[in-house]
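Proteins get letters first, then strands, A, B, ... in listed order; numbering begins at 1 in each.
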Amino acid sequence: MTNLDGLNNEQREAVLHDKGPLLILAGAGSGKTRVITHRIAYLIDELDVNPYRIMAITFTNKAAKEMRDRVDSLIGYGSEDVWVSTFHSTCARFLRRHGELLGYDRNFSIYDTDDSKNVIKEICKRFNIDTKKIREKSFMIDISNAKNELIPPEKYLLAIGNSARDQMTAKVYAEYQKQLKANNAMDFDDLLMNTVRLFREFPEALRYYQQRFQYLMVDEYQDTNKAQFEFIHLLANYENEDGDIEHNLCVVGDDDQSIYKFRGADIRNILDFEKVYPNTKVIKLEENYRSTNNILTAANEVIRHNLARKDKRLRTQQEDGQPLICTTYEDDRGEAADIAGEISRLVVSGQESYEAFAVLYRTNAQSRAIEEQMVYQGIPYRLVGGVNFYSRREIKDCLAYLRTVDNGVDSQQVKRIINVPKRGIGLATIDAIDAYALEHELDFFEAIRRCRNIPGISRACEKLERFVAAIEGFRNVQKTSNLQQLINTILEDTGYWDTLNDDPETKDDRLANLQELINKAVAFEDEHPEDPSLSAFLSEVSLVADIDSMDPNEEKVTLMTLHSAKGLEFDHVYMVGMEEGLFPSDFGGLDQEEIEEERRLCYVGITRARKTLHLSHCNSRFLRGEKSYNRPSRFLRELPRHVVTMRGSRGSRYLSEDETFSKPKPKYEDEFTRSDYSRTNPDNFSNNSFLSDDLPIKKKSFDASAKSAGTLEALLGSSIKRGSDLYKTPTPTASPSGDLGYGVGDKVKHVKFGIGTVTSITMGSKDYEVTVDFPAGTKKMLASFAKLVKVD
DNA sequence: ACGCCGACCGTCCGA
DNA sequence: CGGTCGGCGT
């Protein structure tokens, strides 16, 4: 029996819905994952639906994993047969199986933005396009948008326009697709577009999947683009034996949390759902189980400023709770220092633990200032986003070898590694091979094989032949070995390990990263006994993001962008950098639509908080190496006054040189304790009197604020450039062992290598590097990835 | 072929 | 600021 206790009326109604289209408008924190998982359980347990016929689609691996776990724990037998996956992984799997119909080999490569950019670069060069005038990136954006709209190159001009620029884009787009096809590669957008093409052009393939997946559930439906809409729409059009079309499609979303317009999300998909599926049952979930009443009041009030939305209002049975705290800081450093200090105090005094806190910002660039203070004050933190593990140079190099071994015709990968490590093969040689390949319609690797026929590069031939022999050697290794052995052989035989010595600064990091890649390969083979192939591994690796490896149970403060925070929740949330130009961010003319999207992002941020919410802005901050002065964000003024406590200017003075962070006592501690000057005077919220002026320190900041209305030149003239002596290098002296839960000499357990002894812990550039003696040998790994657990 | 250095430039969000 | 790229010298 599926247990429906603890569900409210609307939730229960959604769970009990069996056939036909269902639209669940689920406000933030209204328990939508709970509804989806219970509904899956109900379908299986009560309606005898075969788990094999149920598909649940999400956007991120993290959401998929969470759903998977909850489905597994809710359903006993057969839960593993429920298809729970992301759009991209699902399409990749469909295409591995049926891609031959479209002319792709089953082990096609999946290109990330870097790979795509390289292809575009080559094309621009070939077409003599001045990339100073039109950037590669703008082609990529246009092409991506076209793909999301399911517009193929040959229809581009018809669909988009016929300007000179459009014609150029259409030409580049067509060539780009040709190149990808020749390389047996797809980019992220191709995964969707090609799956839709497969469905449209091969009805028997579509029919196969329609029959298999008779119950569809889509999470975060407000973020779907046209291609995703079409994918779902086609799949849901299953005609049963009686010739009826049931549309057993359940979509869940919240138009107020649509924040991915920039990558093609079309909010109309959710707003028009009822028009597309006339018999849709609509259920609104408006009861929030996450936040205090004050936080919800603020969220409701802010989002109310948007015009294009479905009317709804979150409500809760919780009490008002703490007021929101809105703080003005002198600069970004003071902001970071103060927040770090506050977190530190609350944790040291035993009231809270680190994982209860999150610091959210608009752009990844803002993380640096926060990080510095976290390190400085000895606070363990986890940084989500930034440079993806898989986009690091050494990882990409290694993956390029693996792809070359796996997918012989991927010229991009071959070009990446042909001279890495250095083999004395230069640009002139590569160009000559390229020209030959083009002329004879060969892939790059095949052209290398025939280097003896290519004029002008005879001197490089011997080196080229050695390279070919090496790759073929690896292909032989692959036939008889597992992934770990293959990677080790490649890094060993090519001398890649040795090249790390070239830069002693980064050596340890890169070594640990490669070791971690090997660990991932080992884990992959372990988890996928049914298909531990190189292709499958590379596919998975291409489709994971940093946030997917985030473990919310680690005792660390979380630092991430507002976008990354969607779907997560924390007891205490700090939204920093609430400033005009930054948030809402202004990149040349903010129109109403963009403002509303930013406001939704603000709404998402506010609704992440369970108990307390801090919002802050700075009078000045460093942006792209320059000091800039921004006014407080309009979103601050949209907060209802009666739930907000104002704090005046703080953090203008930094920690002095002699203060160590074993005693992280800011000089302005006095002002902290006096912080009950906080008040809720409504008049304080007009822009001019945003800062009150009854304290000397505030007076100063008021001046700065008034200045910001003046000319930019005047400000820059008087601005103090960031002197290196102002910023001391943070020295992490806190014992790492305290943060990790283990130390040198402790016995720890690793998921693959078993129990070993920690022999050293050092601070890498981004994370702790832990060296452990396992029975299988000594391994060096990154703490955040290795997930080591202390054992007694 | 390759490494160094200065000029230039983009500015965000992400599967 | 930090990453990239082209020019130049070796």
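- Residues passing the side-chain contact (heavy atoms from CB on, under 4.5 Å) test with A/Asn419, sequence neighbours excluded: A/Lys422, A/Arg423, A/Ile425.
- Partners of A/Arg135 by side chain to side chain donor-acceptor pair (under 3.5 Å), not counting sequence neighbours: none found.
- For A/Asn107, the side-chain contact (heavy atoms from CB on, under 4.5 Å) partners are A/Asp105, A/Asn184, A/Asp406, A/Ser535, not counting sequence neighbours.
- Partners of A/Glu580 by side chain to side chain donor-acceptor pair (under 3.5 Å), not counting sequence neighbours, listed by chain and number: A/Arg634.
- Between A/His563 and A/Tyr260, the ring planes lie tilted relative to each other; the angle falls in the 30° to 60° range.
- Phosphate contact (OP1/OP2 of B/dG14, side-chain N/O of A/Ser564, threshold under 4.0 Å): present.
- OP1 and OP2 of B/dG14 both lie 4.0 Å or more from every side-chain N or O belonging to A/Thr60.
- Side-chain atoms of A/Lys422 lie closest to B/dC2 of the nucleotides B/dC12, B/dG14, B/dC2.
- Nearest nucleotide to the side chain of A/Asn364, out of B/dC2, B/dA15, B/dC13: B/dC13.
- Judged as a side chain to side chain donor-acceptor pair (under 3.5 Å), and not counting sequence neighbours, A/Lys226 has no contacts.
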Check: protein-nucleotides 3-5 of chain C nitrogen or oxygen pairs below 3.5 Å:
| unit_1 | atom_1 | unit_2 | atom_2 | d |
| --- | --- | --- | --- | --- |
| C/dC5 | OP1 | A/Lys121 | NZ | 2.7 |

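- The same atom, C1', is picked in B/dC12 and in C/dC5; the two are 23 Å apart, to the nearest Å.
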(request) Give the dot-bracket string for DNA chain B, reading 5' to 3', where a pair is Watson-Crick or G-U wobble with both distances under 3.5 Å, ( ) marks pairs inside the strand, [ ] marks pairs crossing earlier ones, | marks a partner on another strand, and . marks unpaired. (result) ||||||||||.....
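- Under the side chain to side chain donor-acceptor pair (under 3.5 Å) criterion, A/Asp397 pairs with A/Arg416, A/Tyr496, not counting sequence neighbours.
- Applying the salt bridge (charged side-chain N to carboxylate O under 4.0 Å, His left out) test to A/Lys463 and every residue at least two apart in sequence or in another chain returns nothing.
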